[in-house]
Amino acid sequence: MKPKNFNERCYSLLKKVPKGKVTTYKSLAKALGSKAYRTVGNAMNKNPYGALGRAGGSPQKSELVPCHRVVCSDGKVGGFAAGTPIKIKLLKSEDVDVLNGKINLKKYLFKFN
DNA sequence: CTAATGACATTTG
DNA sequence: ACAAATGCCATTA
């Protein structure tokens with residue numbers, strides 16, 4: 001396995017995010033001490049834990065790294081390797097209310113700093 | 001080492 | 001408010 005330090009940091013922080021809460025790529029990168037919001041998203045895309053690929057099922061792998069709990073700073077769900085609708089579905093399953101593909105950060109945004 | 005990529009963010013139209 | 005353009009930064013080829 002390659003070091004990929006940055007990615008592993010992202011995963012570690014992501015694991016700290018409690019269920020029913022979401023974080024933004026920006027906050028995540030900031031917590032890492034960088035502004036590489038893009039790199040964070042890139043890390044998830046290539047994420048070794050896979051992007052679930054199953055909706056409304058039993059996302060066991062998501063327990064390792066809840067990639068679906070990462071959203072845009074604007075409150076938009078953002079993207080997902082398996083498909084945005086899948087991500088939304090997963091979030092709803094986590095007691096997160098998603099309206100029009102947007103999330104109420106005022107309620108569900110969990111910040112590290 | 002240099003170039004290209006992208007699950008974003010911010011500013012402008 | 002929405003859409004397009006520009007900027008950022010680590011990873012990968």
Side-chain angles (χ1 to χ4, degrees):
Chain A
M1 291 291 279
K2 298 164 190 173
K4 300 186 228 173
N5 289 316
F6 208 93
N7 297 28
E8 296 196 9
R9 305 285 175 224
C10 295
Y11 305 143
S12 297
L13 281 167
L14 212 38
K15 286 183 202 167
K16 293 181 192 173
V17 178
K19 175 178 171 245
K21 291 266 185 165
V22 296
T23 185
T24 66
Y25 297 94
K26 189 182 182 179
S27 294
L28 202 44
K30 195 173 183 181
L32 291 173
S34 297
K35 335 178 242 22
Y37 357 96
R38 285 235 141 180
T39 314
V40 176
N42 250 2
M44 298 303 133
N45 184 18
K46 292 161 178 167
N47 145 355
Y49 301 99
L52 315 182
R54 340 168 67 9
S58 303
Q60 300 177 9
K61 295 209 166 188
S62 64
E63 296 179 20
L64 301 174
V65 175
C67 315
H68 56 273
R69 282 183 200 153
V70 187
V71 298
C72 297
S73 63
D74 289 48
K76 294 180 203 169
V77 184
F80 202 58
T84 308
I86 306 301
K87 185 172 178 177
I88 296 174
K89 197 171 176 70
L90 283 165
L91 286 168
K92 289 200 169 191
S93 296
E94 300 274 318
D95 299 308
V96 179
D97 196 26
V98 183
L99 301 177
N100 274 344
K102 297 250 175 78
I103 296 179
N104 192 342
L105 297 178
K106 295 290 188 190
K107 277 183 161 195
Y108 304 106
L109 178 56
F110 172 83
K111 44 191 174 187
F112 304 95
N113 36 305

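Values below: all heavy atoms of this structure, side chains included; hydrogens, waters and symmetry mates excluded. In what follows, chains carry the letters A, B, and so on, assigned in the order in which the sequence lines appear, proteins first and then strands, with residues in each chain numbered from 1.
Judged by atom type and distance alone, A:Tyr25 reaches the base of B:dA7 through a side-chain donor-acceptor pair under 3.5 Å.
The side chain of A:Asn42 sits closest to B:dT5 out of B:dA7, B:dT5, C:dG7. The side chain of A:Cys72 lies closest to B:dA9 when the candidates are B:dA9, B:dA7, C:dT11.
B:dA9 atom P lies 12 Å from atom NZ of A:Lys102, rounded to whole Å. One can place CG of A:Leu109 at 11 Å from P of B:dA9, the figure rounded to the nearest angstrom. In this structure, the NZ atom of A:Lys26 is 13 Å from the C1' atom of B:dT11, given to the nearest Å. Across the protein-nucleic acid pair, A:Lys35 atom NZ and C:dC9 atom C1' stand 7 Å apart, rounded to whole Å. What separates CG of A:Asn100 from P of C:dA1 is a distance of 12 Å, to the nearest Å. If you take CG of A:Leu28 and P of C:dA10, they are 14 Å apart, rounded to a whole angstrom. When rounded to the nearest whole Å, the span between NZ of A:Lys76 and P of B:dT10 equals 11 Å. Regarding A:Leu32, its CG atom lies at a distance of 20 Å from the P atom of C:dC8, rounded to whole Å.
Interatomic distance, A:Ser93 OG to A:Ile88 CD1, rounded to the nearest 0.5 Å: 11.5 Å. Taking CG of A:Asp74 as the reference point, atom CD1 of A:Ile103 lies at 12.0 Å (rounded to 0.5 Å).
Residues A:Asn45 and A:Asp74 each lie close to DNA chain B; by heavy-atom proximity, the contact nearer the 5' end of the strand is made by A:Asn45. Projected onto DNA chain B by closest heavy-atom contact, A:Ser73 and A:Thr39 fall at different nucleotides, the more 5' of which corresponds to A:Thr39.
Across all strands shown, A:Phe6 has heavy atoms under 4.0 Å from sugar-phosphate atoms exclusively, and none from any base.
Distance alone, capped at 3.5 Å, is enough to place a donor-acceptor pair between the A:Tyr11 side chain and the A:Ala43 backbone.
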